[in-house]
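Below is one structure, written out as structure tokens; comments come after it.
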Amino acid sequence: MQEISLFNNIDDELEPFYIENRRYLGSKSRMLDFIKETTIPYLDEIDTVADIFAGTGAVSNLYKNLNKQLIVNDILHSNYVSYITWFGNMPVSYKKIKHYLIELNNLRPFSGYVTANFGNKYFSEENSQKIDAIRESIETITDINKREKAFLLTSLLYAVDKVANTVGHYDAYRKNHQIYTPIKLKLPIVNTNKFNNKIWQIVKFKLNI
């Protein structure tokens, strides 16, 4: 049975984005066909897949689409937040998400932490100010649950990647990249999750083998 998107009738005002649209050093997106071909003979024997260094979540998403329950982990909080968006089971009001994304896109920029520390470095001054406005405004929204907040934060994370003059983890600069394109939040397109996935942010594991 084909999965149904949580977001139907997307507003023209909001462009869509997907889990694979993130710029991230070490992403396994281009290896997914190889990973699938290598593991597919064994998939009938397992119900759950653990991705303990999940990065962008591309590999987890592969097995989600192959109808497996997921255990998804990464030590980076930004990745953990994204996993709540892509793999969480908490109900989401898509009308509310759309409303707030449009509202956040129309905020007036102001100088804050990002502008003071990263303006005209990783981001243009204008985009830094808009990031500050969006990030602080998200914290003031009180009528959203944890996963709905994760949707807004994930939209910001992906949007920030698009206007940064660095790659992925912000430790390598890009050449000839236009950082002056205005930042714009887009709508994450997420299919329903069939299983009660586990989402972790754990540094150390103890395996009993």
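Shown are V160, N105, I102; of these, the side-chain contact (heavy atoms from CB on, under 4.5 Å) with L185 is made only by N105.
A donor-acceptor pair is defined here as one N or O able to donate and one able to accept, closer than 3.5 Å; no such pair exists between the side chain of N193 and the backbone of F195. Between the side chain of D74 and the main chain of I52, no donor-acceptor pair closer than 3.5 Å is present. Of the possible donor and acceptor atoms, one in the side chain of N127 sits under 3.5 Å from a partner among the backbone N and O of T181. Looking only at distances, no side-chain donor or acceptor of D47 sits under 3.5 Å from a matching main-chain atom of Q69. With D51 contributing its side chain and N73 its backbone, the two residues share no donor-acceptor pair below 3.5 Å. Of the possible donor and acceptor atoms, one in the side chain of E148 sits under 3.5 Å from a partner among the backbone N and O of S93. Not a single donor-acceptor pair under 3.5 Å links the side chain of S124 to the backbone N or O of N120.
With values rounded to the nearest 0.5 angstrom, T39 atom OG1 is found 9.5 Å from F34 atom CZ. If you take CG on N65 and NZ on K194, they are separated by 9.0 Å, rounding to the nearest 0.5 Å. In this structure, CZ in F17 is found 10.5 Å from CD in E20, a value given to the nearest 0.5 Å. If you take CG on L76 and OH on Y83, they are separated by 7.5 Å, rounding to the nearest 0.5 Å. Remark: L101 CG to K186 NZ distance equals 12.5 Å, nearest 0.5 Å. Distance check, rounded to the nearest 0.5 Å: CE of M31 to OG1 of T38 gives 8.5 Å.
I84 is listed as a side-chain neighbour of K146, based on a closest heavy-atom distance under 4.5 Å. Side-chain contact between P188 and W86: present, with at least one pair of heavy atoms (C-beta onward) separated by less than 4.5 Å. You'll find the side chain of K198 reaches within 4.5 Å of the side chain of N196, heavy atoms only. W200 places none of its side-chain heavy atoms less than 4.5 Å from the side chain of I75. Y180 has its side chain out of reach of N165: every pair of non-hydrogen atoms, C-beta onward, lies at least 4.5 Å apart. In this structure, the side chains of I183 and K162 stay at 4.5 Å or more apart for every pair of heavy atoms.
A chain of hydrophobic side-chain contacts below 4.5 Å, direct or via other Ile, Leu, Val, Met, Phe, Trp or Tyr residues, connects V92 to Y18. Criterion: ILVMFWY side-chain heavy atoms under 4.5 Å apart, direct or through other members. Under it, M90 and Y94 are not part of a common hydrophobic cluster. Cluster annotation: I71 and I202 are assigned to the same hydrophobic cluster (Ile/Leu/Val/Met/Phe/Trp/Tyr, side-chain heavy-atom contacts under 4.5 Å, transitive). Residues L70 and I40 fall within the same hydrophobic cluster, defined by Ile, Leu, Val, Met, Phe, Trp and Tyr side chains chained together at heavy-atom separations under 4.5 Å.
Residues I144 and L152 share a closest heavy-atom pair of CD1-CD1, 3.9 Å. For the pair T56 and S27, the tightest heavy-atom approach, listed with the atom from each and the gap, is OG1-OG, 3.9 Å. Taking each heavy atom of K68 and I46 in turn, the nearest pair found is NZ-O, 2.7 Å. Annotation for L104 and I138: closest pair CD1-CG1, 3.8 Å, computed over non-hydrogen atoms. Smallest separation of non-hydrogen atoms from L66 and K36: CD2-CE, 4.1 Å. Heavy atoms only, all atoms of each residue included: S60 and A54 are closest at OG-CB, 4.3 Å.
Applying the ring pair (Phe, Tyr, Trp, His ring centres under 6.0 Å) test to residues at least two apart or on different chains, the pairs with a partner in residues 57-77 are H77-Y80. Applying the salt bridge (charged side-chain N to carboxylate O under 4.0 Å, His left out) test to every pair with at least one member in residues 124-136, sequence neighbours left out, gives these pairs: R135-E139.
Inspection of the S128 and T115 side chains reveals no N or O donor paired with an N or O acceptor under 3.5 Å.
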From CA spacing to verdict: side chain to side chain contact (heavy atoms under 4.5 Å, CB included), V72, N197:
CA-CA 8 Å; V72 192; N197 299 320; 5.6 Å; no
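The local environment of CZ in F110 is crowded, with over 12 non-hydrogen atoms from other residues, nucleotides or ligands closer than 6.0 Å.
The aromatic rings of Y122 and F118 sit parallel, their planes meeting at an angle under 30°, below the 60° perpendicular limit.
A salt bridge links D161 with R22: the distance from a Lys NZ or Arg NE/NH1/NH2 to an Asp or Glu carboxylate oxygen falls below 4.0 Å.
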